[in-house]
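In what follows, a structure is listed as structure tokens, so that the remarks can point back to it.
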There are 2 protein chains.
Amino acid sequence: MPTIKDISRLTGISVTQVSRALNNHSDVSQATKERVNRVAKEIGYVANRSAQNLVTQKSKSLALILSNLEKSGGRDNIVYSLISGMYHFAESEGYEVVMFTTSSVHQRDKSFVQLCKEQNISGAVVNGLRTDDPYYLELVDSDIPCVLIDSSVKGKETMTISCDNKKAAFDAVNHLIQHNHKNIAVLNGRTEATITADRFQGYVLALTEAGIPLNEKFIHYCDFQEDIAYETTLKIMTESPEITAIFCASDMMAVGALKALRFLEIKVPEQVSLVGFDDIPLAEYLMPPLTTVSQDFYGMGYEAGHQLLKMIRHEAHKNKIILPHKLLERKSVFML
Amino acid sequence: MPTIKDISRLTGISVTQVSRALNNHSDVSQATKERVNRVAKEIGYVANRSAQNLVTQKSKSLALILSNLEKSGGRDNIVYSLISGMYHFAESEGYEVVMFTTSSVHQRDKSFVQLCKEQNISGAVVNGLRTDDPYYLELVDSDIPCVLIDSSVKGKETMTISCDNKKAAFDAVNHLIQHNHKNIAVLNGRTEATITADRFQGYVLALTEAGIPLNEKFIHYCDFQEDIAYETTLKIMTESPEITAIFCASDMMAVGALKALRFLEIKVPEQVSLVGFDDIPLAEYLMPPLTTVSQDFYGMGYEAGHQLLKMIRHEAHKNKIILPHKLLERKSVFML
DNA sequence: TCAAGCGTCCGAAACGTTTCGGAATCAAGT
DNA sequence: ACTTGATTCCGAAACGTTTCGGACGCTTGA
């Protein structure tokens, strides 16, 4: 591979000036710049990133830190959308993105901070980590700029990006109320997740605004998992057959609920209405097509990268960004 | 960040020996190794990858080269499975994976080879590129080891990994024949793709073995796209209502076909049977659940990484690997 | 004539690591 | 006492880039 020295030798211009020409610095004449660039193209010169990173003590890489690739992205392809959104932004800025998961931490016995420092990584987008993970806490407390998706922690160098989960849950539940439902169960996510609490608040708000009392028996947590939602639905529908609607805090849980209802031979939506959350690709193909709150995960990944770069460049940035959501009415809600 | 020099200073051991101790070379005493490793852990030392890459002229990064993130991975999450399989393998070996797409080539005006050289990347897994892409050809012709998924080109340093597409297609079509279908249409993929030709051969073989003549009117190409499959199905079912079964070379095309059949009020599978290919997550949720040929894309990504590393290390490797497939019988095929 | 300023240039050091070539120490064998 | 070999060590160069500090030549204005 040709280096900057080759260009220097070929043109008779010093290495210093070649470097400055390539980087379009001001104190190099137009003529020199042109000559350098021409020769560079001719011999197929590409800058050696390792050398650049070494001397500048930084790199054009962003980290995408996830809990676990396989599991979380199984069928819903939320993580995939996040990846491709962030990737496309990074690409447009000439940045690389490198992924880390909790399993890489354990496999290599290094913390996220170490993993990042090792590669001179400039910043990280974080999604789906347990907020009590010590490595997570170390990361947000470090001097590495972080953009957190769907969770907020007061760290030195962090910002949060998410949709308005409370309002979104409110919209979903209110939609059910507008269809005259009163006995509305909720299948919520992992109790430790920030979004779980937010969405629960939306649920509560919608009910209380409508003057409907809360019923402990209708409130359940299913860890965002399809199979737990399945079991839970089986249980609550036999214990509380007065339920006429279920709000699921994720589409995958709605899928589990739907299967359970089908198993119990309860008609959806005629006997029980269903609202999901996320709008995963599956949602529109279910029978019936699922009414759900849509989130733009691709946009989230893209915007996360965008904000991260702003932080890295010390440009002004807000510390919280709210992305729009939308209630998608399909066929899983029935007017009583 | 602490460096190797800090360890040297703290222990009074030369930089050379510290380096060799850290890398567990043979000509350093056990006592020294222990001391070095202890101090390294104490001060939280992590090796600087850039410096390592620079001096060794290689890196612990593998490339994953894709046609286009967004489009190809839209709903089927095949690409996601590939990514996570390859990622998990890389992770277990302490390697990074960096993704490139055709759009990165154009955005940065660099060929895949340049993109790889720039980062000292040791090898690449390639999926979904057009085989006539000049950058693709340059890549497989270069000295960079490549593992090609689902396509074969005689390059210097390449190997191919795929399922037995011909046999798989044969199995699918034969399954229809065993259910007494004779007028079997095929919705095939992009004409330039290697797998398209392979699957077509399987289709032909199944028919000829059963003594069923080929019918040009039953053979169509839909570029693996749902909407084209939709339009095509609309067309062929009105022009050739004698068709009782359709073999789709991808599940996404089967989804398109299914929508078209539903629009035409043709019952699946009672009036027309359907077999897909890939077993995407959607398949089992369709109405009726789709009978299809399953491929293990996660395993493909994992194995691709595995074989790539073998090539990089100059260990023995075959130049073609066939992964198993399986016909998954669900509810979209009807016995005539 | 001199100083100041500008535009353009260059040498050399630095980044953190690996590795080549050589060397010191010690025990064992002659 | 001398060689031999094994074991353990070290200095210095090298990888390709950026950048600091300085320098040269030219024009301009006093």
Side-chain angles (χ1 to χ4, degrees), chain A residues 1-37 39-40 43-61 94 96 110 114-122, chain B residues 1-37 39-40 43-61 94 96 110 114-122:
Chain A
M1 276 275 102
T3 76
I4 216 173
K5 288 183 187 169
D6 296 319
I7 301 181
S8 168
R9 200 162 27 74
L10 256 35
T11 56
I13 299 171
S14 78
V15 169
T16 303
Q17 282 304 91
V18 173
S19 170
R20 302 181 75 93
L22 256 12
N23 293 310
N24 203 24
H25 282 216
S26 59
D27 67 345
V28 32
S29 71
Q30 202 52 40
T32 307
K33 281 184 189 171
E34 275 160 21
R35 197 139 70 94
V36 167
N37 283 313
V39 173
I43 64 175
Y45 169 80
V46 233
N48 182 319
R49 289 271 183 130
S50 303
Q52 287 179 322
N53 296 346
L54 179 59
V55 70
T56 59
Q57 303 280 52
K58 55 189 154 202
S59 79
K60 291 204 129 195
S61 306
E96 249 57 62
K110 286 176 190 160
Q114 286 179 315
L115 251 9
C116 288
K117 299 272 185 189
E118 184 178 37
Q119 302 197 55
N120 297 319
I121 281 172
S122 325
Chain B
M1 275 274 102
T3 76
I4 216 173
K5 287 183 186 169
D6 296 319
I7 301 181
S8 169
R9 201 164 25 75
L10 257 34
T11 57
I13 299 170
S14 79
V15 169
T16 304
Q17 282 305 90
V18 173
S19 171
R20 303 180 75 92
L22 255 12
N23 293 309
N24 204 24
H25 281 216
S26 58
D27 67 345
V28 31
S29 70
Q30 201 52 40
T32 308
K33 281 184 189 172
E34 275 161 19
R35 197 139 70 96
V36 166
N37 283 314
V39 174
I43 64 174
Y45 168 80
V46 233
N48 183 319
R49 289 271 184 131
S50 303
Q52 288 179 322
N53 296 346
L54 179 59
V55 70
T56 59
Q57 303 279 54
K58 55 188 156 207
S59 80
K60 291 205 130 195
S61 306
E96 248 58 63
K110 287 177 190 159
Q114 286 180 315
L115 251 9
C116 288
K117 299 272 185 191
E118 184 179 36
Q119 302 197 55
N120 296 318
I121 281 172
S122 324

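- In plain terms, the two heavy atoms of Ser122(A) and Ser59(A) that are nearest each other are OG-O, 2.7 Å.
- Helix bend of the helix from dT1(C)-dA30(D) to dT30(C)-dA1(D): the angle between its two end axes, each built from five pairs, comes to 60° after rounding to 10°.
- Among residues at least two apart or in separate chains, salt bridge (charged side-chain N to carboxylate O under 4.0 Å, His left out) pairs with a member in residues 43-53 of chain B are Glu118(A)-Arg49(B), Arg49(B)-Glu96(B).
- Annotation: side-chain hydrogen bond (donor to acceptor under 3.5 Å, both in side chains) contacts involving residues 8-18 of chain B, sequence neighbours excluded, comprise Asp6(B)-Arg9(B).
- Summarising the geometry of Pro2(B) relative to Ile43(B), their closest heavy-atom pair is CG-O, 3.2 Å, with the distance given to 0.1 Å.
- An OP1 or OP2 oxygen of dC9(D) is reached within less than 4.0 angstrom by a side-chain nitrogen or oxygen of Ser29(B).
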Could you go over nucleotides 23-25 of chain C and give all protein N or O partners under 3.5 Å, atom names and distances?
none

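- Among residues two or more places apart in sequence or in another chain, the side-chain contact (heavy atoms from CB on, under 4.5 Å) test is passed with Lys58(A) by Thr56(A).
- With sequence neighbours left out, Lys117(B) forms a salt bridge (Lys or Arg N to Asp or Glu O under 4.0 Å) with Asp143(B).
- For Ser14(A) and dG11(C), the shortest distance from a side-chain N or O to OP1 or OP2 is not below 4.0 Å.
- If you measure from atom NZ of Lys33(A) to atom P of dT8(C), you get 9 Å, rounded to the nearest angstrom.
- Evaluation of the salt bridge (charged side-chain N to carboxylate O under 4.0 Å, His left out) test over residues 14-23 of chain A, restricted to residues two or more places apart or in two chains, returns Arg20(A)-Asp27(A).
- Atom-to-atom distance recorded for Gln52(A):CD and Leu54(B):CG is 11.0 Å, nearest 0.5 angstrom.
- Taking the side-chain contact (heavy atoms from CB on, under 4.5 Å) definition, one finds that Ser19(A) meets it with Ile4(A), Asn23(A), sequence neighbours left out.
- By the side-chain hydrogen bond (donor to acceptor under 3.5 Å, both in side chains) test, Lys33(A) is found to be paired with Asn24(A), residues two or more places apart in sequence or in another chain being considered.
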One character per nucleotide, please: for nucleotides 13-21 of chain C, 5' to 3', B when the base has a protein heavy atom closer than 4.0 Å, S when only the sugar-phosphate does, - otherwise. -BBBBBBB-
